[in-house]
Every structure is written in structure tokens, then in C-alpha cells.
Amino acid sequence: MPPIVEIRDVSQYAGQEVVIQGWLYNLRESGKLLFPLVRDGTGIIQGVVVKAAVAPEVFEAVRHLTQESSLRVTGRVRAEKRAPGGYELEVTAAEVIQRVPPERPYPITPKEHGIEFLMDHRHLWLRSMRQRAILGVRHEIIKAARDFLDSQGFTLVDTPILTPAACEGTTTLFEVNYFGDKAYLTQSGQLYNEAAAMAVGKTYCFGPTFRAEKSKTRRHLTEFWMVEPEVAFAHLDDICALAEQLVSFVVERVLAKRREELKTLERDLSKLENCRPPFPRIRYDEAVNRLQQKGSEIRWGNDFGGTDETILSEQFDRPVLVTHYPGSVKAFYMAPDRERPELALCVDMLAPEGYGEIIGGGERLADFELLARRIEEHQLPRQAFEWYLDLRRYGSVPHAGFGMGIERVVAWVCGLEHVRETIPFPRMLYRLTP
RNA sequence: UCCUCAGUAGCUCAAUGGUAGAGCAUCCGGCUGUUAACCGGAGGGUUCCAGGUUCGAGUCCUGGCUGAGGAGCCA
């Protein structure tokens, strides 16, 4: 029995007989020759079936295969210039595991399709070359982010997904019935991260977050993944440096290990190769000036709109860090600047090519009195924040952190139009299935 | 929530208010090197839904549904 081989490894088996297990991607035929294209999740290979060289039932079985039928083929691997991929399988035997019924053929043909149709068939769309490439890059980005933080002495501390009360203010949360009480799906692990940082020094959480905002744009999902580092004794400068190192590490890793996938996605690699530190840093004041010069109607004191982020990020050839926003547009727990208390010690990182915000964070309020006052000002339920205030009662220290949105990073690295392709099963305003 | 656009075969689309069509997919046939193969043939329709105008509506009007793009919203 020949060895079962993954398609990505076939070059090591040239001249040998192997078994490939996979799905039929396409079938071309020319008289007494069949060219089944078989994919197995690791790659794609062209088989060639010569009528005179195989049993009649093998030839007939392959000839009547339909797209995405599952099969096991046996054959000899051969270098072949005419075959896509450079290697070909001279088929000697084929076993059909399940034939897709012709009365109900595989819906995603190798032709054009509309986005609604593709989204409705997301469970099948994932099989396409392009989607597989995106999944590969996503995996690499997640692994790189974790490898980087692990190598820097961070401890992964998981934060809860079910949270009591509105733990970050009044913004829209998904409510769930928790044994008769109200609970909410988390929109950030950050508050819990602060507790963890006081326990282990450097921590991060990595998990799904949920926002019930009715945002209908190319950069919003209602369920998305964030990696959120938090560091005790860190100031704004420290986490700006951390963010810069993290992002450049991630991009470098993807460039090193996922070139094939980026090629499939037709990504302009030079754009990614630019992304070496140092990244430019500008303050909110300067950002507003730049935007106004470009004709934006933004006024000092307002947050950037999606268009503003795009304009700003298009002005740089690598990610840009924007710091010192007005405190009024940022969350209650942001530390104020000492010299200009109306500014928050915060940072957003905007990805280039118009991709916009991929990181948001800053230095946290460490002072008990000030934090308690902010909670009151924001009309948050004090009771629910007593544990959070405890962090300022018992050995409070300066600390800072940020969150990096995985899907936005994937969209940028892959050069995608919309974040809906960056996550296997996107959850959006009007999309909960499949 | 608002604005704009769209909805016709399984898919992508065409059809001046006058006989609903093409390519792909499926099935049958042809081709010994195909490259989203090609060539020939066949089957396949509640034109999103409900009303209305008209001799006649896929096409025009009203309402609704669904989706897309954008805005708002969005540490």
C-alpha cells in the first residue's frame, strides 16, 4: 500500500506511487485523457488518467465525478511542466468516497459569484483557494502575536466573555439572560486585564469580543477577536513601543512564512515590507491639522470618522501612531496628560493604504479619587466597579495596554476590501448565518 | 435609523411597454496534454412579494421584503 501523502509534500515523492485523499476541484477531459484537479487542504494537484492505462471502471468513475466529490486517488508522482504546480499524478486507481449528486451540484462553480450568494454559502466558500489563503494568514497572524508576547515574558490570562452590568459604559452590548439576571457579552477584556497585570506584571488576553453597534461598514463586525496586552508600570511611550514591535513582528512573520498565500491573494508585498519600525508618531492636534488641510470637516474635539482615518493612514507608507486625543472622546479609564489634562494618554495605530485603526489603547487611570469621579461623571453604576476600584486601593501603579483587532490586521495584511472575509464565519448587522 | 442602488434559470448577467435569452453549472456526444479547456446537443423560469396603470408589464406607479454600497453610530 503506497503512503498517504499531503499535496504540499508531493515534490518529495517524485517517481514514487502515493495516495492522495481530497476533493475534486475541477475536471477537464480530452478524449481518452482525464485531468482531475484534486485539492486536499494543503494544496492542489493535477491528476492524469489515461484510458488505456487503467481499468475501465476507474476511468468511468473519474469521468463522472462532480465538483467537490471526495475521493482517494493512487498514482505515481511525476514532475510535469504542463501541470499547474509543476507536479502531476499519473493515476492508477481511484476510489470515490462520496459523489456529489448531479441533481444538486456543488453551488460554487469556478466562476464569478455575488457577495450575498457567497456569504450564504460561507461554509462551502471556505474551500476556495483564496479563502484558504486568508485562513492561513489569519492563523499566522494569531500565532505570531502570541509567540511575540510569550517571548517577551507575557502571561496569557483569559478574561470572561459573560460580564455583569455594563462594564465599559453605555455603548451597545449584547444582553443575555443569565439565570434570570441580565448579563452582557464582553466588548473588551481590558478591565480584567488590569487586574491580571497586577498579578503577573505583563499579561494579555486573546478572545472574541462583541459589539451590538449597528455599524454597516467594511471594517466592522459584531463579533471579532482581539489580542489585548496590559503591562504594569508601563507608560504611554512603553506601550507605543510595544505596539510597534508587535505589529512589525507579525508582518515580518507573515512575509517569511506565508508568501504563497499572499501571492494567491495578489498582495503587493513591497507595501508590507515597508512596515519596519520606527513608525511615525503624531499627536491628535497635528492629525486634525492634516485632515483639515485635506478638506475634512473635522473640528478639534471630535473623534475621527471612517473617512478621516482613511485620509490620515494614506499619508504614510507604514502604520502611524496617533496619540493624545481629547479625553472627551475616549473611555473613562484613560489617564489624563499632566501638562494638558484635557488630553488622554492614549494611542491609536492606523494601518496604511487607508485601512485605518488596528490598535487602540493607552495609559490607565491609576488614581483612586480621579477614577471614582470619572465613574460618577459617566453615570456608571459604582457598585459594579468596586472591584475595579480595588485595583487602585491596593498597591495602584501606573499601567498601560492596548487592544489589537485581529480581523482588521488580517484585512490589511491580506489587502482585502472588507473584514467579512477575514473571519471564518462573520457576524454582522444583517448576517448571523451560517 | 437615513440616503443610493439592486433583485430575471442553480450561479453571473441580458432583454425600446409587444414571442423571456446567453455564458457557466448539470446530463448526452466528440477530441491522447487539458490549463476557469474547447466543439455539438438536451433539460432547466411564481422575472422577490402584494396591489395598481395599460389592449398588453420583467420593464411604468404605490407599498412591502431581501441584499449591497455609503452615512450615522462605533475606547
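A quick note: this is a predicted structure, and the numbers were derived from the prediction, not measured. Just so it is clear, the values below take in all heavy atoms, side chains as well, and ignore hydrogens, waters and symmetry mates. Within every chain, numbering begins at 1; the chains are lettered A, B, ... in the order of the sequence lines, protein sequences first and strands thereafter.
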request  = May I ask which nucleotide in the shown strands pairs with B:G33, Watson-Crick or G-U wobble, both distances under 3.5 Å?
outcome  = none
B:G43 and B:C2, which share atom name P, separated by this distance in whole Å = 48 Å
request  = Verify whether one side chain among A:Gln46 and A:Arg82 offers a donor that lies under 3.5 Å from an acceptor in the other.
outcome  = no
task = Write down the distance between CD (A:Glu194) and C1' (B:A75), rounded to a whole number of angstrom.
result = 12 Å
ask   = Given atom CD of A:Glu88 and atom P of B:U32, what is their separation to the nearest angstrom?
value = 17 Å
note = Pairing partner of B:C24, by Watson-Crick or G-U wobble and under 3.5 Å for both distances, is B:G10
request  = Scan every strand shown for a Watson-Crick or G-U wobble partner of B:U1, both distances under 3.5 Å, and answer none if you come up empty.
outcome  = B:A71
key: Atom pair distance, as rounded to whole Å: CH2 in A:Trp125 and P in B:U12   = 12 Å
inquiry  = Using a 4.0 Å heavy-atom cut-off, does A:Phe35 contact any base of the nucleic acid, only the sugar-phosphate backbone, or nothing at all?
reply    = base
query = When we call it a touch if two heavy atoms are under 4.0 Å apart, what does A:Gly114 touch: a base, just sugar-phosphate, or nothing?
reply = sugar-phosphate
ask   = Would you find a donor on one side and an acceptor on the other, under 3.5 Å apart, between the side chain of A:Ser69 and the backbone of A:Leu24?
value = no
inquiry  = Between B:C13 and B:U8, how far apart are the two P atoms, rounded to whole Å?
reply    = 9 Å
inquiry  = I'd like the C1' distance from B:A15 over to B:A20, given in whole Å.
reply    = 7 Å
Closest-nucleotide 5' rank along RNA chain B - winner of A:Phe117 and A:Thr307 = A:Phe117
ask   = Once you round it to whole Å, what is the distance between C1' of B:C11 and CZ of A:Arg104?
value = 14 Å
request  = Flag yes if more than 12 heavy atoms outside A:Glu95 fall under 6.0 Å of its CD atom; otherwise flag no.
outcome  = yes
ask   = C1' atom, B:U66 versus B:C60: distance in rounded Å?
value = 22 Å
key: Pair A:Arg127-A:Tyr25, side-chain hydrogen bond (donor to acceptor under 3.5 Å, both in side chains): steps then yes or no   = CA-CA 9 Å; A:Arg127 302 182 185 189; A:Tyr25 186 74; over 6 Å; no
ask   = When all nucleic acid strands are considered with a 4.0 Å heavy-atom cut-off, which category describes A:Glu228: base, sugar-phosphate, or nothing?
value = base
note = Here the pair of heavy atoms bringing A:Cys205 nearest to A:Leu156 is CA-CD1, 4.1 Å
ask   = Cut-off 3.5 Å, side chains only: do A:Thr109 and A:Gln67 have a donor facing an acceptor?
value = no
query = When you match A:Asp348 and A:Ala83 each to their closest nucleotide on RNA chain B, which lands nearer the 5' end?
reply = A:Ala83
message = Please report the distance, rounded to the nearest Å, between CZ in A:Arg82 and C1' in B:G33.
response = 5 Å
inquiry  = So if I take every side-chain heavy atom of A:His220 and compare against B:U12, B:C74, B:A75, which nucleotide ends up nearest?
reply    = B:C74
key: Within residues 36-49 of chain A or reaching into it, pairs that qualify as salt bridge (Lys or Arg N to Asp or Glu O under 4.0 Å) - sequence neighbours excluded   = A:Arg39-A:Glu68
task = Please measure how far the C1' atom in B:U4 lies from the corresponding atom in B:G56, and state the result in whole Å.
result = 32 Å
inquiry  = Just to be sure I understand the rule, does A:Lys214 reach a base, reach only the sugar-phosphate, or reach nothing, if contact means heavy atoms closer than 4.0 Å?
reply    = base
ask   = Is A:Met226 touching bases, backbone alone, or none of the nucleic acid, heavy atoms closer than 4.0 Å?
value = base
inquiry  = Could you walk me through whether A:Arg122 and A:Arg431 satisfy the side-chain contact (heavy atoms from CB on, under 4.5 Å) test, starting with their C-alpha distance in whole Å, then the side-chain angles of each, then the deciding distance to 0.1 Å, before giving a yes or no?
reply    = CA-CA 11 Å; A:Arg122 183 63 176 166; A:Arg431 170 69 58 182; over 6 Å; no
Closest listed nucleotide, where the reference is the side chain of A:Leu33 and the choices are B:U12, B:U32, B:G69 = B:U32
request  = Rounded to the nearest angstrom, tell me the gap between atom OH in A:Tyr25 and atom C1' in B:U34.
outcome  = 16 Å
ask   = Which base sits across from B:U16 as a Watson-Crick or G-U pair, both distances under 3.5 Å?
value = none
request  = Ignoring hydrogens and angles, tell me if any N or O in the side chain of A:Asp120 forms a donor-acceptor pair with the backbone of A:Phe117 under 3.5 Å.
outcome  = no
inquiry  = So, does A:Thr217 get its side chain near the phosphate of B:A71, meaning an N or O under 4.0 Å from OP1 or OP2?
reply    = no
task = Name the nucleic acid region contacted by A:Arg420, choosing base, sugar-phosphate or nothing; use a 4.0 angstrom heavy-atom cut-off, strictly under.
result = sugar-phosphate
message = Using only modelled atom types and a 3.5 angstrom limit, is any donor from either the side chain of A:Glu116 or the base of B:U66 paired with an acceptor on the other?
response = no
ask   = Among the nucleotides B:C11, B:G67, B:A75, which one has an atom lying closest to any side-chain atom of A:His113?
value = B:C11
key: A:Arg78 CZ to B:G33 P, straight-line distance once rounded to whole Å   = 13 Å
request  = Could you work out the separation of B:C49 and B:C65 based on their C1' atoms and round it to a whole Å?
outcome  = 7 Å
The single option from A:Arg219, A:Glu407, A:Glu353 passing side-chain contact (heavy atoms from CB on, under 4.5 Å) against A:Trp412 = A:Glu353
message = Can you build the contact string for nucleotides 20-29 of chain B? Use B for base contact, S for sugar-phosphate-only contact, and - for no protein heavy atom under 4.0 Å.
response = ----SSSSSS
key: Span that lies between the P atom of B:G40 and that of B:A22, in whole angstrom   = 13 Å
inquiry  = Can you measure A:Arg219 atom CZ to B:G69 atom P for me and round it to whole angstrom units?
reply    = 14 Å
inquiry  = Under a 3.5 Å cut-off for both contacts, is B:A50 paired Watson-Crick or G-U wobble with anything, and if yes, with which nucleotide?
reply    = B:U62
request  = Look at all strands and tell whether A:Lys216 reaches a base, only sugar-phosphate, or nothing, counting heavy atoms closer than 4.0 Å.
outcome  = base
message = Measuring only the P atom in each nucleotide, how far is B:G21 from B:G63? A whole number of Å is fine.
response = 33 Å
